[in-house]
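Below you'll find the structure, written out as structure tokens, and then a few comments.
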Number of protein chains: 2
Amino acid sequence: MGTAVGGERSVPRYVQIADEIVQQIRAGVLKPGDMVPSESELVERYGVSGGTIRKAMVEVRASGLVETRHGKGSIVKDRPPVRHRSSDRFRRSLRRGGKAAYLAESEQSGATAKVSVLYIGPMEAPEDAARRLGVSAGTQVLARRRLYFRNGTPVETATSYLPWDVVKDIPELFAENPGGGGIYARLEDHGHEFAEFVETLQARLASKAEASELALSPGSPVVHLVREARTTEGRVVEVCDTLMAADQFVFEYRIPAAG
Amino acid sequence: MGTAVGGERSVPRYVQIADEIVQQIRAGVLKPGDMVPSESELVERYGVSGGTIRKAMVEVRASGLVETRHGKGSIVKDRPPVRHRSSDRFRRSLRRGGKAAYLAESEQSGATAKVSVLYIGPMEAPEDAARRLGVSAGTQVLARRRLYFRNGTPVETATSYLPWDVVKDIPELFAENPGGGGIYARLEDHGHEFAEFVETLQARLASKAEASELALSPGSPVVHLVREARTTEGRVVEVCDTLMAADQFVFEYRIPAAG
DNA sequence: AAGTGGTCTAGACCACTAT
DNA sequence: TAGTGGTCTAGACCACTTT
């Protein structure tokens, strides 16, 4: 029945249990790849009801140390060193190497990387992208939608929007692999010289749909990053809208003091 | 009893209810300052048990649109236009104005801003800050710890660490108000010319302690930003470690394409 | 079929806030 | 004191995974 201890300690039992489990992971008692004991086993071990264990596991999941799958159980996640996403990645000199920024960065940090192309083709520009491109909402643009994997798990979705008049004469931009240096190199090949990239970031919790696309537990934080690529003529020729699992990325920006 | 509908719709009842409440807020049926109906009232209205409403309200809180206080209820939050934290804030020309970056930015977006100084004085450098400053851990440095408010609620904590040999001859750096242009202006007054600022950002969920310091619901996302201020001599003369409520900030960075 | 997590119930007691 | 959210229970049924 509803005994409800409460009076003794101010910290709730489910938090205590969650902390204990998290500590076991951090201390290495539970190693990456190990299964966390099942909820019914935890009910026995701690002598509490299922609901309490359930709440505790919600907390444990929020720590990001564990991944839970429905009929299976909870498994301790690998803790890959987070990827360093630097503003240097758009420097012209680093594009010459041939590899796209993502693959280069990932392999440098010793992880396997994969890109899966979800869609390349015409699309009516969403409102935000249209505004940034300087066209009216609903105008047809080229969309390039990708899903990025790291060590086999999806970590980032990205959709690039490019004005149709810019892309219509550049067939490489319709290919899955646009060639060495990525789409920015192709755009510069065709006379669009870049002046700067402007990135805006906002962190928030993933929606249900986003969480499932990135294989995150609900309530996981994500970073929403939108990049505008501006040419020396002052035109935005690409808007890239990306959503990233927050625990997989550290962002680095260098800001010159001059001016 | 445990009837457990389940079979009919795949989307759980508590999610449906949460979405309905969130929609009412977004549509303006519930306006900022309004109280959300009490949980027991929602139990009646939706004909479900308390536990289901409870879970729904957890979802609603996760949206960031609502603030819940214990014996009181849930109130619809003001949705101030998020503050645009631009990389321009460190340009020398914008420092001359006299105001510190934070106050200027906030007032520009029509919000009341306040800074509360928590501590200014000597401190043993934490490991991360020491490494970035190029001193050994535990070395004495000057720490300046502040709490920033926006419209009366805390949104950001920031701690600056500066090497003792740099600050010992600059008395203004020990004052609550270091004068026009902030500490960067004072450092330049004393011959430390800045070359660049390097910021690293990571988003994650707030710990229990952090949540209470920033008056956030547990499970709210925060952004951890660390800035290094580098002089033309290649020395890091300040490390600023800040923690921000994620929903209060949009970050903007401009990246030159040259190089 | 057995075991796992996911949803839901109906009711208890506690702690905080108002009056 | 009345009303609110916060914790907890004991048990039900469902959906997914594995054997």
Side-chain angles (χ1 to χ4, degrees), chain A residues 1-21 34-62 66-77 208 211-212 215-220, chain B residues 1-19 21 34-62 66-77 208 211-212 215-219:
Chain A
M1 311 77 100
T3 335
V5 182
E8 190 167 336
R9 257 168 259 60
S10 53
V11 44
R13 192 83 181 93
Y14 76 92
V15 174
Q16 295 176 30
I17 294 171
D19 285 347
E20 230 171 276
I21 295 171
D34 287 358
M35 297 298 295
V36 177
S38 77
E39 297 190 355
S40 44
E41 189 175 336
L42 292 171
V43 164
E44 274 192 51
R45 179 178 308 181
Y46 288 102
V48 297
S49 80
T52 302
I53 290 297
R54 196 113 256 287
K55 251 183 134 178
M57 286 308 296
V58 169
E59 295 291 301
V60 173
R61 275 192 285 278
V66 134
E67 188 182 335
T68 302
R69 271 187 300 186
H70 195 147
K72 261 191 105 178
S74 292
I75 191 170
V76 179
K77 276 207 270 193
K208 209 119 186 160
S212 80
L216 300 170
S217 319
S220 299
Chain B
M1 312 72 98
T3 335
V5 183
E8 190 167 336
R9 257 166 259 59
S10 53
V11 44
R13 191 83 180 95
Y14 77 92
V15 174
Q16 295 175 30
I17 294 171
D19 284 347
I21 295 171
D34 287 357
M35 296 298 294
V36 176
S38 77
E39 296 191 354
S40 43
E41 189 174 336
L42 292 170
V43 164
E44 274 192 52
R45 178 179 309 181
Y46 287 102
V48 297
S49 79
T52 302
I53 291 296
R54 197 113 254 288
K55 252 184 133 179
M57 287 307 296
V58 169
E59 294 291 301
V60 173
R61 275 191 285 278
V66 136
E67 188 182 335
T68 301
R69 271 186 301 185
H70 195 148
K72 261 190 106 176
S74 292
I75 191 169
V76 179
K77 277 207 268 194
K208 211 117 185 158
S212 80
L216 299 170
S217 320

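Only heavy atoms go into these numbers, but all of them, side chains included; no hydrogens, no water, no symmetry mates. A, B, ... follow the sequence lines: proteins, then strands. Residue 1 opens every chain.
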### Task
Using only heavy-atom distances, determine whether the side chains of B:T68 and B:R61 contain a donor-acceptor pair under 3.5 Å.
yes
### Task
Would you mind reading off the distance between B:Y46 atom OH and C:dT9 atom P, rounded to a whole angstrom?
14 Å
### Message
Does C:dT4 have OP1 or OP2 under 4.0 Å away from a side-chain N or O of A:S40?
### Response
yes
#### Entry: Length of the CE-P vector between A:M35 and D:dT17, whole Å
13 Å
### Task
Would you please confirm or rule out a distance under 4.0 Å between OP1 or OP2 of D:dT4 and any side-chain N or O of B:S38?
yes
### Task
Could you tell me the separation between the NE2 atom of A:H70 and the P atom of D:dT18, rounded to a whole number of Å?
12 Å
### Query
B:S74 side chain N/O closer than 4.0 Å to the phosphate oxygens (OP1, OP2) of D:dG5?
no
### Query
Which atom names give the shortest non-hydrogen contact between A:A18 and A:E59, and what distance separates them?
CB-CB, 3.5 Å
### Task
Grab the OH-P distance between B:Y14 and C:dT9 for me, whole Å please.
13 Å
### Query
Roughly how far apart are A:K55 NZ and B:K55 NZ, rounded to 0.5 Å?
11.0 Å
### Query
Can a side chain N or O of B:K55 be found less than 4.0 Å away from OP1 or OP2 on C:dC8?
no
### Query
Is there a side-chain polar atom (N or O) of B:T52 under 4.0 Å from OP1 or OP2 of C:dT9?
yes
### Query
Below 4.5 Å, heavy atoms only, C-beta onward: do A:L42 and A:I21 meet side chain to side chain?
yes
### Euclidean distance, atom CD of residue A:E39 to atom P of C:dT7 [Å, nearest integer]
11 Å
### Query
Closest to the A:P12 side chain: C:dA15, C:dC8, D:dC8?
D:dC8
### Task
Please round to the nearest 0.5 Å and tell me the distance separating atom CD of A:E20 and atom OH of A:Y46.
4.0 Å
#### Entry: Upstream residue (5' side of DNA chain D) when B:K72 and A:R69 are each assigned their closest nucleotide
B:K72
## Note on the structure
Taken to the nearest whole Å, CD1/B:I75 to P/D:dT4 is 15 Å
### Message
Output the rounded distance in Å from CE (B:M57) to C1' (D:dG5).
### Response
10 Å
### Task
Could you work out which one of C:dC8, D:dT17, D:dC8 sits closest to the side chain of A:R13?
D:dC8
